[in-house]
Amino acid sequence: MADRSRHLIGLLLGAEEDWPQAFEALLQRVGPVTIDGREHEFGSRRLTIEPFDLNDPVRVGLVIDRLAYWYYHPREWLKKAALMNGTYLLNSPFTFQSMEKHSAYCAMLRLGLKIPRTVLVPYKNPVDNVRWAYTSATYNQPFDLDALAADLGYPLYMKPFDGGGWRGVSRIENADDLHRAYDESGEMLMHLQATVDYDKFARALSIGAETMVMDFRPDQPMHNRYAVSHDFLSPSAGHQTVAISRIVNAFFGWEFNSCEMLVAGDDVYPIDYANACPDVAVTSLHYYFPWALSALVKWSVFCLATGRRSSVDLHTERYFEIADNPDLDYDAKLDGYLQLADEHFETAKYHEWCASHLGDFDLRVRDWVAGPDFERVLRETVAATYPVHEQDKFFAHFKGLTDLWVADA
């Protein structure tokens, strides 16, 4: 009889129910995986928030975290689990500060990516700190907000340096918009960011070694923002969007993240690429939802079965060596960064491993999406999301799009 290893995946969740149910159902369809005579089995559990001793054992070998960016208690538990117990984490809590847009912008500017010009301005209102009044009165330099905006050029965007779900984002068309948005920013620390004339707004969702670039329409309602559109970018722009998304993730040690980019011809401008809790709801991803859940299951299983280890050391100097090489143009640097990213994610090994050990898993995913269990999850999600009089319409909308995925799969 083969030796057995039982692997447990922890789900650290907020209010989501759709994708966790799908993940749990699809994980059951993985079945035992045998590697070098050892049989690997996989299960999951939803994690709870409770007091913990720093020496407590941790049962789960891998955690998919959707909560700790906003809440300190689960964040500190993740740090303890990684440092004390070797738990593998999808998105490192040690780089959460980089998920503030500011740190991420600075890092990718350092690599020479085409980040639109960005200026950080002081708080509009003093923060709640007794030392702030003296410090600001003594050391804060006066500045001309109108001059900064004019230098960047209208239209521009004002948005919080730490971002989060489009919170506080304003499109600024003129000086009146500028002062209104700044007055309303309160104690939020804001960026002013130039925009560019673009043809397409691309959103790339990366899960481990897999990336899906989607045609995103931010002006549409959420259920209609992701267009089912293939080959909507030129080959060069398509390559860049995949590469940039994967490079960002490898640089910061993130494994479950989305990247938003403005695309003008063959030029790609990343504008938001640090999302601790990327969108994977069936009511927004619809057609792409089965791919996302399949990739999430496969990457989790691959990491556990192969004993993949995460590292707090990001080795950013390897990227900077490429960035500082005067003999490399932009495309050569991007290819060099991508090579480091693929090395980090073991991209070739991952795809070979999935082909060898999960060869029919995609068919199992297709059968599940075509079956009654997925229909039940979809109906429950629609019922929890939309008013009664709209539920039939939206169920038909999402069912039609996921049926299209089944037909295309």
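Every heavy atom of this structure was used, including side-chain atoms; hydrogens, water molecules and symmetry mates were not.
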So that I know where these two stand, are His191 and Tyr105 an aromatic pair - ring centroids less than 6.0 Å apart? yes
What are the two closest non-hydrogen atoms of Asp279 and Ser284, and how far apart are they? OD2-OG, 2.6 Å
Verify whether one side chain among Arg379 and Gln391 offers a donor that lies under 3.5 Å from an acceptor in the other. no
How about CZ on Arg59, more than 12 heavy atoms from neighbouring residues, nucleotides or ligands closer than 6.0 Å, or not? no
For Pro218 against Phe201, the heavy-atom pair lying closest together: CG-CD1, 3.6 Å
Counting neighbours of CG on Asp360 that are heavy atoms of other residues, nucleotides or ligands and sit closer than 6.0 Å, is the number greater than 12? yes
Are the charged groups of Arg46 and Glu17 less than 4.0 angstrom apart, N to O? yes
Cut-off 3.5 Å, side chains only: do Asp342 and Thr347 have a donor facing an acceptor? yes
Can Arg225 and Asp219 be counted as an ion pair, charged N to O under 4.0 angstrom? no
Checking side-chain contact (heavy atoms from CB on, under 4.5 Å) for the pair Ile49/Leu67: CA distance, chi angles, key distance, verdict? CA-CA 11 Å; Ile49 310 300; Leu67 196 61; 4.1 Å; yes
Enter the distance from Trp368:CH2 to Leu363:CG here, rounded to the nearest 0.5 Å. 16.0 Å
So, the side chain of Arg171 versus the backbone of Tyr157: is there a donor-acceptor pair under 3.5 Å, distance only? no
Modelled atom types, side-chain donor and acceptor of Ser245 and Ser206, under 3.5 Å: yes
Shortest non-hydrogen pair, Gly112 vs Tyr330, comes out as O-CE1, 3.4 Å
Would you call Phe23 and Ile9 a side-chain contact if the rule is heavy atoms closer than 4.5 Å? yes
Could you check whether any side-chain heavy atom of Leu26 comes within less than 4.5 Å of a side-chain heavy atom of Phe361, counting everything from C-beta outward? yes
Between Asp324 and Arg110, does at least one N-O distance fall below 4.0 Å, as a salt bridge requires? yes
Looking at Phe52 versus His73, is the centre-to-centre ring distance below 6.0 Å? yes
Answer with yes or no whether the side chains of Trp353 and Glu346 bring together a donor and an acceptor at under 3.5 Å. no
Kindly compute the distance separating CD1 (Ile172) from CE (Met158), expressed to the nearest 0.5 Å. 5.0 Å
Looking only at the side chains, is there a donor atom on one of Tyr154 and Asp177 sitting less than 3.5 Å from an acceptor on the other? no
Quick check: closest heavy atoms across His344 and Gly253, and the distance to 0.1 Å? NE2-CA, 4.5 Å
Does the side chain of His179 pick up a donor-acceptor pair with the side chain of Asn174 at under 3.5 Å? no
Asp215 side chain to Ala227 backbone, donor-acceptor under 3.5 Å: no
Angle between ring planes, Tyr287 versus His230, binned at 30° and 60°: parallel, tilted or perpendicular? tilted
Minimal heavy-atom distance between Val30 and Arg364, with the atoms involved, is O-NH1, 3.2 Å
Salt bridge between Arg29 and Glu24, side-chain N to carboxylate O under 4.0 Å? no
Taking the basic N atoms (NZ, or NE/NH1/NH2) and the acidic carboxylate oxygens, is any pair closer than 4.0 Å for Asp373 and Arg376? yes
Between Arg308 and Tyr88, does any side-chain donor sit less than 3.5 Å from a side-chain acceptor? yes
Out of curiosity, Arg203 CZ to Phe216 CZ, how far, rounded to the nearest 0.5 Å? 4.0 Å
Relative to each other, are the rings of Phe289 and Phe374 parallel, tilted or perpendicular (30° and 60° limits)? tilted
Distance only, no hydrogens: is a donor on one side chain within 3.5 Å (strictly under) of an acceptor on the other, for Glu76 and Tyr71? no
Quick one: OH on Tyr288 to CG on Leu205, what's the gap to the nearest 0.5 Å? 11.5 Å
Expected output: side-chain Ser356 to main-chain Glu352 donor-acceptor under 3.5 Å: yes
When you check the side-chain N and O atoms of Asn91 and Asp65, is any donor under 3.5 Å from an acceptor? no
Using a 4.5 Å cut-off on heavy atoms from C-beta on, say whether the side chain of His223 contacts that of Thr283. no
Find out whether Asp146 and Leu178 are in side-chain contact, i.e. whether some heavy atom of one side chain is under 4.5 Å from a heavy atom of the other. yes
Which heavy-atom pair separates Glu173 from Pro155 by the least distance, and what is that distance? OE1-CB, 3.7 Å
Run the side chain to side chain donor-acceptor pair (under 3.5 Å) test on Asp392 and His397 for me, step by step, so that the C-alpha distance in whole Å, both residues' side-chain angles and the decisive distance to 0.1 Å come before the verdict. CA-CA 9 Å; Asp392 287 344; His397 173 75; over 6 Å; no
Would you mind reporting whether His286 and Tyr226 have side-chain heavy atoms less than 4.5 Å apart? yes
How many angstroms lie between atom CD1 of Ile247 and atom CD of Gln339, to the nearest 0.5 angstrom? 11.0 Å
So do Glu41 and Ser5 actually touch side chain to side chain, heavy atoms under 4.5 Å? no
Report yes or no: do Gln193 and Thr118 form a side-chain donor-acceptor pair below 3.5 Å? yes
Taking the six-membered ring for Trp, are Phe345 and Tyr350 ring centroids under 6.0 Å apart? no
So among Leu8, Leu62, Val60, which one has a side chain to side chain contact (heavy atoms under 4.5 Å, CB included) with Leu304? Leu62
Determine whether Phe252 and Phe94 make a side-chain contact, defined as any pair of heavy atoms from C-beta on separated by less than 4.5 Å. no
Side-chain donor or acceptor of Tyr337 paired with backbone N/O of Leu111 under 3.5 Å: yes
Side chains of Leu12 and Leu78: closer than 4.5 Å at any heavy-atom pair? yes
Cationic tip of Lys399 above Phe394 ring, under 6.0 Å, 45° of axis: no
To the nearest 0.5 Å, how far apart are CG in Leu338 and CD1 in Ile244? 10.5 Å
Side chains of Trp299 and Glu210, donor plus acceptor under 3.5 Å: no
